[in-house]
Every structure is written in C-alpha cells, then in structure tokens.
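Below: the structure, in structure tokens.
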Protein chains: 2
Amino acid sequence: MRRPTMKDVARLAGVSPMTVSRVVSGEPGVAPATAAKVGQAVRALGYQRNDNARHLRRKSPGTATIGLLVDDLANPFYARMARSVEDEAHRRGCLVLIGSTHDEPRREREVVAAFTARQVDGLILVPTAAGHGFLRGPAHAGTPVVCVDRPAPGLAVDTVTVDNRAGARRAVTHLLAHGHTRVAYLGDRVGIWTQGQRCAGYLDALTARGIPEDPALIRHGLRTGDQARAALAGLRALPDPPTALFTSNDLITLGVLDDLDHPAPLAVVGFDDLPLAERLTPPLTVISQDPLALGGAAAGLLFSRIAGDTSAPRSVVLETRLVERGSGELRRA
Amino acid sequence: MRRPTMKDVARLAGVSPMTVSRVVSGEPGVAPATAAKVGQAVRALGYQRNDNARHLRRKSPGTATIGLLVDDLANPFYARMARSVEDEAHRRGCLVLIGSTHDEPRREREVVAAFTARQVDGLILVPTAAGHGFLRGPAHAGTPVVCVDRPAPGLAVDTVTVDNRAGARRAVTHLLAHGHTRVAYLGDRVGIWTQGQRCAGYLDALTARGIPEDPALIRHGLRTGDQARAALAGLRALPDPPTALFTSNDLITLGVLDDLDHPAPLAVVGFDDLPLAERLTPPLTVISQDPLALGGAAAGLLFSRIAGDTSAPRSVVLETRLVERGSGELRRA
DNA sequence: TGAGGGTTTGGTAACGTTCCCACCCACTCG
DNA sequence: CGAGTGGGTGGGAACGTTACCAAACCCTCA
C-alpha cells in the first residue's frame, strides 16, 4: 500500500532511478525508447513524484510555494485579494499556503513561522499592528516579503496599499461640494493604519475648505455596527448636529444605515464598496478600492523578488474610485 | 547567508545533531543542562527546523498540511467555507494549501496533482462536474478526500452538502402559501448538481399542492444576471405570466431584481442569502445556507479520517433556513 | 584498426531530518 | 567488588530525490 517511488519505477522499467528522474522531470539526454519504457512504468504504477523530497535536494528554484497571510479570509475584500494572488501563483506553477491572523500578532508569528518552516519562497502579508522584527531573523533570510493593504511599521519591504488618505479626502470633498458644512467622521481605532490615513484625509478636505476641525464630530474606536449606531445617536444629540457622515469602513457604514433617515435624513459616503450598495435607499455613494488589483500587484512584486530582483524596496500606491450613487448629496426629508 | 541547520546548531552547542533534534522537537531524555545549551545555540543562530525534511523522514504524522480546492475563492460563500476550514486546521496545527478550480476540470486535476505531490495529508474538494476517477490512483492512496457543497459522482468519499432539494421545496411552498399559483423557476444549467436538486425541490412543492408542472415557467441554463433578466422578460410576455419567482442562485436573484416591479410587481424567493438582502426594497426572502458550518463539518470529517477512521464514507446533509423578509408575499402595485 | 567525439546511462553522495541501536557513564544492589 | 540498571548521548542509515562525475556505448574518420 506504500506509494511508489522512483526506485519502484526504475525496477519495473529496468533502468536506474537516475534515468527515471530525468524522464519524470523532462530533462533531455534520454533515448526515446528508454523514455517510453519509463513512461509506461510510471503509468503502470501510478507514480507521482514527491515534490517535497525534490525541493529538499534541488537548489535553484525553491519550493514553488508562497505563503499568504490575511486578516480574515471570510472578509470578501481579502478573499478577492487571495483569489488574485492564487491566480498569479497558478500562472507561475506555484502553490499558495493560506492563513488568517484575525488581527492577533501571536497568530501572525505562529503562522509565519510555520510557513517559513515549510520553506516558502516568499510571503504576502497583511501585517497586524505589532512589530515585525522577527521577520529580520536568519530564519527568514532570503525569503522576500510583500506587505499588502497596510505597511508594517519599521519593516523595509515592498508594500502595496491604496491611497486611503486621498480617497477619504475625496469622499469628504464630495460632501462639502454638495453643500454640507458639518460633516462627521466615524472610524475604527485611529491606531489602525488605514483608519489613521482616512481620518487624515477627512481633515485634509476640511482644511482645504477652510472649515475648522470640530472634535465633537470625530468618533474613533468604533469596532462594531452597534457602536457605530450609538455614536450616530450621540452626534444627533449635539446642539449643532452634522448633516453628513463619512464612515471609515464598511462595518461602520452598515451600522449607521438603519438610523440614517430618522429623525432627520443624513448624507453619507462610506469607505469601501458594498455589494448591492446601488440598490439601497438611498443608493450608497462610496470610495471603492480594488482588492484584485492589490493582490495582483503584490504577487507581481513578490515574484519579481523571487526571480532575483534585489533593488530597493518599492512602495506601490493604488488609486481609489469615488462611486457616486446619491447618498452623498444634500438630503431633505 | 545559508540558513542554519541542525548541524550548525550542534557544532555551536558542542553536541550531536541528534541531541539538537531531540531538544527542538521537545522529546524527553535530554539533560536540562544540555537542553539549555542547545536552546541558547538555537536562539543565537536564529535556527528554525526545516519541516519538509522532517516530514520526509518521519512516518507517523504526515506533513500537517491539507489541501482545499474550491470553485472560486472570490465568491464569499467559498471564502467563508475556506475560513472555517483554515480555523479548524489551525486548531490542529495544520496548514492549508488553497486553490481555485474556476470550474475547469483540467485545472482541478492539475491542482490536485500538485497538492498530492506535496504529500498533503488530506483534501477538501468542491468537485467540478467532471469524473474523479483520477482520485482513485495509487498516487492518492491513503490521502482522504472530503467533498463539500456537492458530491463527486461515482466517488465514494465523505461528502458534506446542504439539503438543496428541501430548501427549494421550502421556498416554493412559502410562495404557494402566500397565494401564488403561477410560480416560475429560474436556474442555471440543470446539470450542475445543486441546480438539479433545487429544481427537483421546486417540482416537489408543486406536486404537494397538486399544481401541474408548466414547462413554460421553467428556465434553465441562466449563467449571468443579464440572461436571468432576459428570461424574466420572456416570462412576463406569456399569456398567463407568473406572479412569483423562485431564483435558484444569487447571480440570478440579482439579475431579476431590477425588473421585479415593472410592469407588475412579482414576488420572489432566492436561494442563497445576500449581504444587505434585508435592506433591499422589498426586503428579500431567501433560503440561506451556512458556509461556515459546511467548512467546519468537512474539516471535522477530514481530520477524523486523517486520524485513522476507516469506516464507510459518510454523507452529512445540513439544513437550510428560510429567512422571511417580505419579498415572498403577495405583492400588489 | 584504433583513437576521438558524442550520446546515453549509472554510481555515489548529498539535501536536513529522524529512527534505531549501541555506547558510555554513574549508580545501586547482591 | 562485579554485574546489572537506566538515563543521556552519539553514530550510522534512511526518507525520496537530484548534482556531479565517470563509465559504457555507438559511430566516424584517419
């Protein structure tokens, strides 16, 4: 019941294992008649090469495996990123080991360690907020890393992000252009890199219009839809409540959606597109990012590093897109 | 610049590689003082074990890697499945190799071959419609396979599906209970297993009510939203048009959504939940499946097989849930 | 006929690890 | 005091493959 090895094939074909290796790997210098015999034996035994053993012995191309570590694979954003990474890898005959960090630094380290213990040729990483010094150890020497979606502070590696700041600025500028002057910011913890950038973009837009920042309109640390809803209630209770919201991620956008029209209708622009956003009432105006492009760019960078590119770390910044659907305009009851 | 090996650690610690192996793998029978010396050398060199070499030599537990092959990782349904598989694997100290078939049998075979060439301990597969005889070859001997979402015809392995037929029956029964008598079926190619089951469930519901099947109300082979919309136009043009639709997957549901209210409002129940379905107008009634449960069940089965369970192949069928939100009721303009 | 060149083939060692066994040493006990 | 015990350690081989080199073969041409 053992799986057949090259030795078994060699015995059956009456040749040496070396010759079998040559045939199976498509190397030249084998007589056609011999190759045919070997091929027959391979099919007869249902032989399949053990690529782990192969990669252990070979030096030149590595294991033809890369690791992809995202925050949460169930998040459609990362799922699409993963898909385009897998597509690029497949085109290059490479497999993908996948993992989710769930934003836990410990799990990130564990999984990265498990990946490198498997001798991955490279790593695409959505880094957690923790330090990434461990990636500089000798165990990772020669394993290129590419960060996606956010940079790893203090780690000088290729990074692919979208221009969160410009996107947020665009969103808020859109609201201001439609006559709003009191625009609130609703975001997750400002320590999260993307959230910090988006908040900065929000402030940029205000500054450009000469509108002073009002701390009462800025809410950080909203981690759930319920917290976002509560924050909205708080904003409505202000003596001078906002007439428009910029919601800094899709969870928050969803959270405020319920209470958008009561007691008074509020305009809203959200960061991150939602499926069906155009069918909501009102149709949702959003800043949309392209996760497929993110994943594709990251994979492209990684594979050129694997191919031997040793130039200075690159930083790719992709643009966002404002998708106007109506919810950003002035709304009256 | 070479990565350190056990030999390097052994040399530095002044012991044999064997002793390093024991320390690194946490085996007993090493004097505490020796273990400390080795640990120090490990940290000094930043040594990390090569798990590929390890798994090549070891027999008992395999490579601690499983393969997961879905139709399309960008599909949120499969993404959530993948997440729960990865979670289960992580709990067991196992890594996950991932791949997408894009419903191409050739790609399926390629990726499965690449997985087994890496000596995965098991395989979770969303099978394409093609034959799967290749999984019976000696190369796959001893590699358990679990099919998920749909069975692989002619392959006697553990399978986890949802009860598509009962779900569809439930959906149509719901429409009939709300006074509809002319209910149309809109589905993808009936050769796709899930679609066949859902169509059967549709017919079951009609039969139970004594309503004769009307071929004019049944549309197969709708592969895009546009085709679904066109099919709806055709149905509306009938002398005796339907008053309700059962749409057999989310793509089709989305396709008909646009034209649901004009010229006359139609009721609809869709198979497969959509995010934001409750915020659409009308709020969409759907048959919802639980991809996390599917993935979890598949992983559970696979790991018990890997642990040595050799009982007859099991077939797990999960229930669906009817989520009533209004769109299934009788609708008037 | 024999030297020279090319093609085809096989033997040996090595990749980094662990299994199996033998060894060494310090004790204990008769 | 010698034989037995048991924990701690190391040597050699092996997992399945490929790099490297040497050998065997065939053919051509002087």
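Heavy-atom basis, side chains included; hydrogens, waters and symmetry copies ignored. A note on names: the letters A, B, ... follow the listed sequences, proteins ahead of strands, and every chain is numbered from 1.
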Phosphate-side-chain proximity, [X] and [N], N/O vs OP1/OP2 below 4.0 Å:
| X | N | result |
| --- | --- | --- |
| Thr34(B) | dT9(D) | yes |
| Tyr47(B) | dG16(C) | no |
| Ser16(B) | dG11(D) | no |
| Ser21(B) | dT17(C) | no |

[N] [atom2] sits how many Å from [X] [atom1], rounded?
| X | N | atom1 | atom2 | result |
| --- | --- | --- | --- | --- |
| Glu27(A) | dT7(C) | CD | P | 16 Å |
| Leu56(B) | dT18(C) | CG | C1' | 10 Å |
| Gln48(A) | dT17(D) | CD | P | 10 Å |
| Asn52(B) | dG16(C) | CG | P | 12 Å |
| His55(A) | dC15(D) | NE2 | C1' | 17 Å |
| Arg57(A) | dA19(D) | CZ | P | 7 Å |
| Asn50(A) | dA14(D) | CG | P | 18 Å |
| Arg3(A) | dG16(D) | CZ | C1' | 12 Å |

Taking for each residue the nucleotide of DNA chain C bearing the nearest heavy atom, is the 5' side occupied by Pro32(A) or by Met18(A)? Pro32(A)
Ignoring hydrogens and angles, state whether a donor on the side chain of Thr63(B) or Arg118(A) is under 3.5 Å from an acceptor on the partner side chain. no
Looking just at side-chain N and O atoms, do Glu108(A) and Thr128(A) make a donor-acceptor pair shorter than 3.5 Å? yes
Using 4.0 Å as the upper bound for N to carboxylate O, is an ion pair formed by Asp121(B) and Arg92(B)? no
Any ion pair linking Asp87(A) and Arg91(A) (charged N to carboxylate O, less than 4.0 Å)? no
Are there over 12 heavy-atom neighbours, none belonging to Arg305(A), within less than 6.0 Å of that residue's CZ? yes
Both Pro28(B) and Asp51(A) contact DNA chain D. Which one's nearest nucleotide lies toward the 5' end? Pro28(B)
Between Lys7(A) and Ala31(B), which has a closest nucleotide on DNA chain D that is more 5'? Ala31(B)
Of the nucleotides [options], which one has an atom closest to the side chain of [X]?
| X | options | result |
| --- | --- | --- |
| Arg58(A) | dT18(D), dT18(C), dG8(D) | dT18(D) |
| Thr5(A) | dG16(D), dT9(C), dG11(D) | dG16(D) |
| Met6(A) | dT18(D), dT9(C), dG16(D) | dT18(D) |
| Val15(B) | dG16(C), dT17(D), dG10(D) | dG10(D) |
| Thr19(B) | dG10(C), dG10(D), dG8(D) | dG10(D) |

Assess whether one donor atom and one acceptor atom, taken from the side chain of Arg22(B) and the base of dG10(D), lie less than 3.5 Å apart. yes
Could one point to a donor on the side chain of Arg54(B) or the base of dT17(C) with an acceptor on the other under 3.5 Å away? no
Taking the side chain as everything from C-beta on, heavy atoms only, tell me whether Val111(B) gets closer than 4.5 Å to His90(A). yes
